[in-house]
There are 2 protein chains.
Amino acid sequence: MKRRNTPTKQAILNLLSQSGKAMSHDAIEDKIDMDINRATIYRILNRFCEDGLVHNIVAEDGKQYFAICMDCDGKSLPDSHFHFRCTSCQTIACLKEKVDFSLPMGYKVESVNCVLTGTCADCS
Amino acid sequence: MKRRNTPTKQAILNLLSQSGKAMSHDAIEDKIDMDINRATIYRILNRFCEDGLVHNIVAEDGKQYFAICMDCDGKSLPDSHFHFRCTSCQTIACLKEKVDFSLPMGYKVESVNCVLTGTCADCS
DNA sequence: TATATTATTGCAACAATGTCGCATTAATAA
DNA sequence: TTATTAATGCGACATTGTTGCAATAATATA
């Protein structure tokens, strides 16, 4: 399955990249200057995730947020970073702070999802 | 609004307490030996959360999981612990490990949600 | 350039999770 | 025993996300 280059993909990638933050599906649909079907947006985002272009965060509101991978150099597991969701401006930012933990014997981690919720510097 | 003691509340509390882990709504509905309406289960769980009896974790699957607060001594904010979701046995356990982080200036945290996903010691 | 291949899209339908209004029931107080 | 009102069940609804299918369009091939 070779990927094809389409205007919709470009538009979503541009939006995510210029926002610099993680956006939920509805924020993307809202901000984008194009009429893209909901299902298509999800499919594009999921494909980006598969290809490692974008990563996915699930916040306390139960929604998925998507952000362009800035410094995910393939080994995204052990050095995952914290995310910060601001309830005022409704965005999620990737923090520089790495998530650090040690597990009891026998546990195997496949993915890490750490979201701090509150108000960001701009909003407080 | 004074709380009342009902069989349904007791049953849910017993189930959560004997399971010792965090359970999702559907797991509760599945395991409980009583026919309780979906909305009622949610309302009971939400009330437990309000009263500080139970805490709420949102996992990567976007679902809410509820667990009895073991050592949440009121100040649940700064010393939040990690949670571990096992994709094999479908449970979430509270780990002893505390979440440790420092924030950039101006950020204010209201809640912490850290879930590690993988396979637990029993399943691997 | 014209054509074939098939990835991508839009649409509709669907599933799952969670909430809410409202009438009824039942736990507590009087 | 009765009155008060918290709790429940039911139905409807909102939101988030996925899937099947036919139509479209991006790439490869001739």
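Proteins come first, then strands; the chains are lettered A, B, ... in the order of their sequence lines, and each starts at number 1.
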> At under 4.0 Å between heavy atoms, what does B:Arg43 touch on the DNA or RNA strands: base, sugar-phosphate, or nothing?
Replying inline: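 Base, at least one base heavy atom under 4.0 Å.
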>> Regarding B:Asp35, tell me which of base, sugar-phosphate or nothing describes its non-hydrogen contacts under 4.0 Å with the strands shown.
In response: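 Sugar-phosphate only.
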Atom of [X], atom of [Y] and distance for their closest heavy-atom approach:
X: A:Cys114; Y: A:Phe82; answer: CB-CD2, 3.7 Å
X: B:Thr117; Y: B:Glu60; answer: OG1-OE1, 3.7 Å
X: B:Met34; Y: B:Pro7; answer: CE-O, 4.0 Å

> Any side-chain N or O of A:Arg47 under 4.0 Å from OP1/OP2 of C:dT9?
Replying inline: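 For C:dT9, OP1 or OP2 has a side-chain N or O of A:Arg47 closer than 4.0 Å.
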Using a cut-off of under 3.5 Å, enumerate the N/O to N/O pairs linking the protein to nucleotides 16-19 of chain C.
| unit_1 | atom_1 | unit_2 | atom_2 | d |
| --- | --- | --- | --- | --- |
| C:dT17 | OP1 | B:Lys63 | NZ | 3.1 |
| C:dG18 | OP1 | B:Gln64 | N | 2.8 |
| C:dG18 | OP2 | B:Tyr42 | OH | 2.7 |
| C:dG18 | O5' | B:Tyr42 | OH | 3.4 |
| C:dG18 | N7 | B:Arg38 | NH2 | 3.3 |
| C:dG18 | O6 | B:Arg38 | NH2 | 2.7 |
| C:dT19 | OP2 | B:Asn46 | ND2 | 3.3 |

[X] [atom1] to [N] [atom2], straight-line distance once rounded to whole Å:
X: A:Asn37; N: D:dT24; atom1: CG; atom2: C1'; result: 14 Å
X: B:Ile36; N: C:dT25; atom1: CD1; atom2: P; result: 19 Å
X: B:Ile44; N: C:dC20; atom1: CD1; atom2: P; result: 16 Å

> Excluding sequence neighbours, so at least two apart, what forms side-chain contact (heavy atoms from CB on, under 4.5 Å) with A:Ala27?
Replying inline: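 For A:Ala27 the side-chain contact (heavy atoms from CB on, under 4.5 Å) partners, ignoring immediate neighbours, are A:Met23, A:Ser24.
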> By side-chain contact (heavy atoms from CB on, under 4.5 Å), which residues pair with A:Thr6, not counting sequence neighbours?
Replying inline: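 A:Thr6: side-chain contact (heavy atoms from CB on, under 4.5 Å) contacts with A:Thr8, A:Lys9.
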Indicate every side-chain donor-acceptor pair of residues 35-50 of chain B with a distance under 3.5 Å to a residue at least two apart or in another chain.
| unit_1 | atom_1 | unit_2 | atom_2 | d |
| --- | --- | --- | --- | --- |
| B:Asn37 | OD1 | B:Ala39 | N | 2.9 |
| B:Asn46 | ND2 | B:Tyr42 | O | 3.3 |
| B:Arg47 | NE | B:Arg43 | O | 3.4 |

> At what angle, to 10 degrees, do the two end axes of the helix from C:dT1-D:dA30 to C:dA30-D:dT1 meet, given five pairs define each axis?
Replying inline: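 Axis angle across the helix from C:dT1-D:dA30 to C:dA30-D:dT1, nearest 10°: 30°.
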> Passes side chain to side chain contact (heavy atoms under 4.5 Å, CB included), B:Leu116 versus B:Arg85? Steps please.
Replying inline: CA-CA 6 Å; B:Leu116 313 175; B:Arg85 179 166 77 98; over 6 Å; no
> So which of residues 4-12 of chain A are in contact with DNA chain C, with a heavy-atom cut-off of under 4.0 Å?
Replying inline: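 Residues of residues 4-12 of chain A that come under 4.0 Å of DNA chain C are, in numerical order, A:Arg4, A:Thr6, A:Thr8, A:Lys9.
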